There are 2 protein chains.
Amino acid sequence: MMAERRRGTVRDLRRDNRSVLLWSLYFDQPRSRQDLSRTTGLSPASVSNVVRDLIDEGIVIEAGSVDSDGGRPRVLLRINPDHGYVVGVDVGETRVRVELFDLAMTERAKADYPLDPRERGVDVVVDRILAGLAAVLAGSGVGSSAVLGVGVGVPGVVEQGPEVLVHGQTFGWDAVPLERLLRAGTDLPLHIDNGAKTMGQAELWFGAGRGAQHAVVGLIGSGVGASIITRGSTHRGSTSSAGEWGHTTVMVGGRSCRCGSSGCLEAYVGAEAILDRYGRALPGDDQESALAALIEAAATSAAAAEVLDQTALYLGAGIADLINLFNPERIILGGWAGLLLGEKLLPAIREAARRHALRHPFAETSIELCRLGPDAVALGAATLPVEHLLNGTAASATRQNRSAG
Amino acid sequence: MMAERRRGTVRDLRRDNRSVLLWSLYFDQPRSRQDLSRTTGLSPASVSNVVRDLIDEGIVIEAGSVDSDGGRPRVLLRINPDHGYVVGVDVGETRVRVELFDLAMTERAKADYPLDPRERGVDVVVDRILAGLAAVLAGSGVGSSAVLGVGVGVPGVVEQGPEVLVHGQTFGWDAVPLERLLRAGTDLPLHIDNGAKTMGQAELWFGAGRGAQHAVVGLIGSGVGASIITRGSTHRGSTSSAGEWGHTTVMVGGRSCRCGSSGCLEAYVGAEAILDRYGRALPGDDQESALAALIEAAATSAAAAEVLDQTALYLGAGIADLINLFNPERIILGGWAGLLLGEKLLPAIREAARRHALRHPFAETSIELCRLGPDAVALGAATLPVEHLLNGTAASATRQNRSAG
DNA sequence: GCGGATTAAATCACGCCATGAATTAAGCCG
DNA sequence: CGGCTTAATTCATGGCGTGATTTAATCCGC
């Protein structure tokens, strides 16, 4: 049942080498066999052998050749974007979004369902997801058998045990067996993860985190979360709940937080907290436009400017904590509120972080903004099945199970 | 030069399997081949083959057999404690300690040199280390060629680049090439690391952290540091300075810290800070006895009790931050001050951590005290060459270089 | 337009590996 | 002292990566 990743046999060696080649190619296309041999350390002979298999399977295709001056031209290789398709689902606080991508992560179809805050029941969300799945398949003309898997990003903690359980505080979900519930409506491989983590992975693969081994993607919306990347992959901790940056304490005995504690970072720099600290009416009927208005007002209102100054101070301290503890190469700030704040306050945030972090690790860390838009949650969710394809884990096995089941 | 860890060839596969067997055996001795086959997943045939090599090399020896009722008895295997020896060095703030162990980590010799705070120059420390090395070799009768390597735990950040550099704030060291300097006096393999990290590794291997995949070892002395273990090994970050727990901000705009920032955890729960916060004269001419006296006084003095209550509060908040960010299985509290405080305050610390951490990850985390004494820094440093032996990296290569040089 | 030079890629022979099956070793028990 | 049982080794087999060799595909100079 459990796809125990075996090691130790000579066959696993091949799978690993194959995986190394696929990863290398996926993030640097197109490339020649020679080039792959150099960067992976595998011999040209092995690259040839493995690539032949990959071409036979249709994962890799030849893509023209590069001119030479006096020798056989190098044939360029790339991942076949149409070898398979992946679906990413973003279960957000106000909507369920489903997107279908090819392997080059080009969007091929999209479906969007608003989610009434009063009806965040599991069954409603499951319905939306399955409806969206059917819609993107129909809309793109992609057959179900061509889909490698479905990634789902959800709010709350996702416990990756023998049965995947979702604990979503904001949704009132407690130990919801989302995978099992979705299984009733689809037999595609499912990958469920926390939305902040999928968004972090999207930034890591395609955004501001490209190439980083150690990074933290901080997400500021109404609340505050983070995705922590160590050694090139997302840190989950012992029960998959790592990355709760928003509830680290930056002020012992400070403002009370909706989590029940006090002095949490989220109680100062979350959008809700910022607006609450300002304490006056602002134009805009939602948090997003209200925060934009507050930032606008800071040019003329001392009170607004003061709130933003404080926000930069606390946020800088929170970032400094990440730098001191993790020593990352990069801190990437995102989320809708993070981007709004970052555009205006990034210099102030950097300065506050500098003051609160140790000199040496701070000097080695760059603080940047996310490069991908709010769709990054779905995009990141869609990378989950791709990750399995590149690793050579389960993908084909699950496919077999599926056709056998 | 650089011992690039190769992968991909069928030979590396053998090295990996060998390593798996060695690790498995090292932490669960003695065991039969059968047992090893079961727990590692390797076939009995492979275990036999690899073990034969290991016995030929002298790393593993047979150690009796287990009675059977009606079958050939299982032969028990264990690591040969005398296959080689390792040296651990603890460069502390007030002394240099050098210890020699066999592979079972039984201490075979020890040398101790006080370090005058006025003479913490690099040359003095190097002299002490080399003198201690000579002393433990002489004292144990172990020949230099039988030593697998020397681990050195130092205060400050250790940058593991092409040349190992030590940045020690308390010692006034800036980019000190300690390895190169020691190399002038010995040709043994050297492994240099931060003292908090070596101590963390000692607790992970032999103390309160045994078996944990994710843990944080928090060390409280005059200052505050930590060793963060993720996926079973120490997290170093991009420039090896990760784990600076003491300088995370628990109180924006709070007490100023010797690092130049303010509101650092260390400015509240470091021994120096605690004594400073109490602000009255205490019996005892050093921090250690003064802190003990303060804890003693808390039984009768409301002011002393108040200081300790506050300490537990801040420390609990700091621990909660670790829990929220890392979601570890265990938090292990150590350092001389950490142990003093922990003995009295552990319930209060746990309660403060509970209040500041999210419910779910807190419930999955145990908060304990270190089990090893203050010698753990040297012990942990000595595990560094053992780690290389178990991994099959460099050890033999370095040995060859040595005899060739 | 054609051979030689040049570089890329595929093929081949070899050595090494893990493994299931078969075999040998080493003890119990009646 | 033979069966019986279990541990450990040995053997034959199929895979694998690799350096050396061969084939493929281009350019260049004449």
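A note on names: the letters A, B, ... follow the listed sequences, proteins ahead of strands, and every chain is numbered from 1. These numbers were taken from a predicted model, which means no experiment stands behind them.
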Protein-nucleotide distance ([X], atom [atom1]; [N], atom [atom2]), rounded to Å:
{"X": "B:R18", "N": "C:dC16", "atom1": "CZ", "atom2": "C1'", "answer": "16 Å"}
{"X": "B:L76", "N": "D:dT6", "atom1": "CG", "atom2": "P", "answer": "18 Å"}
{"X": "B:L77", "N": "D:dA8", "atom1": "CG", "atom2": "C1'", "answer": "11 Å"}
{"X": "B:R33", "N": "C:dT19", "atom1": "CZ", "atom2": "C1'", "answer": "18 Å"}
{"X": "B:D53", "N": "D:dT9", "atom1": "CG", "atom2": "C1'", "answer": "14 Å"}
{"X": "A:R11", "N": "C:dG20", "atom1": "CZ", "atom2": "C1'", "answer": "13 Å"}
{"X": "A:L21", "N": "D:dC16", "atom1": "CG", "atom2": "P", "answer": "14 Å"}
{"X": "A:L36", "N": "C:dA9", "atom1": "CG", "atom2": "C1'", "answer": "13 Å"}

Check the phosphate of [N] against [X], side-chain N and O only, distance under 4.0 Å to OP1 or OP2. Yes or no?
{"X": "B:S43", "N": "C:dA18", "result": "no"}
{"X": "B:R74", "N": "C:dG27", "result": "no"}
{"X": "A:R52", "N": "C:dA9", "result": "no"}
{"X": "B:S46", "N": "C:dT19", "result": "yes"}
{"X": "A:R14", "N": "D:dG17", "result": "yes"}

Could you check which of [options] has an atom nearest any side-chain atom of [X]?
{"X": "A:N17", "options": "D:dG17, C:dC17, D:dT10", "result": "D:dG17"}
{"X": "B:Q34", "options": "D:dG17, C:dT19, D:dA8", "result": "D:dA8"}
{"X": "A:P73", "options": "D:dT26, D:dG14, D:dT18", "result": "D:dT26"}
{"X": "B:L13", "options": "C:dT11, D:dG17, C:dA18", "result": "C:dA18"}

Discussion item. Is the shortest side-chain heavy-atom distance between B:S233 and A:R231 below 4.5 Å?
Written reply: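 Heavy-atom side-chain distance check passes, below 4.5 Å.
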
Worksheet item: Can A:Q201 and A:T383 be counted as having a side-chain donor-acceptor contact under 3.5 angstrom?
Response: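 A:Q201 vs A:T383: donor-acceptor pair found between side chains.
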
Practice prompt. Map A:A45 and A:V10 onto DNA chain D by nearest heavy atom, then report which one ends up closer to the 5' terminus.
Written response: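 Looking at the nearest nucleotide for each, A:V10 comes out on the 5' side.
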
Discussion item. Which residue in the set B:L54, B:L13, B:L390 passes side-chain contact (heavy atoms from CB on, under 4.5 Å) when paired with B:R18?
Written reply: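 Of B:L54, B:L13, B:L390, side-chain contact (heavy atoms from CB on, under 4.5 Å) with B:R18 is met by B:L54 alone.
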
Please work out which of the three classes, parallel, tilted or perpendicular, describes the rings of [Y] and [X], given edges at 30° and 60°.
{"X": "B:H388", "Y": "B:H191", "result": "tilted"}
{"X": "B:F27", "Y": "B:F206", "result": "tilted"}
{"X": "B:F326", "Y": "A:F326", "result": "tilted"}

Worksheet item: Between the side-chain atoms of B:R72 and the base atoms of C:dA26, is any donor-acceptor pair under 3.5 Å?
Response: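 Counting by modelled atom types and ignoring angles, no donor-acceptor contact under 3.5 Å is found here.
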
Worksheet item: With a 4.0 Å cut-off on heavy atoms, is B:N49 in touch with a base, just the backbone sugar-phosphate, or nothing at all?
Response: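 It contacts base atoms.
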
Item to complete: May I ask you to say what A:V47 touches in the nucleic acid, namely base, sugar-phosphate or nothing, with a heavy-atom cut-off under 4.0 Å?
Response: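 Nothing: the residue A:V47, judged by heavy atoms under 4.0 Å, touches no strand.
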
Worksheet item: DNA chain C: A:G70 or A:D35, which has the more 5' nearest nucleotide?
Response: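 Result of the comparison: A:G70.
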
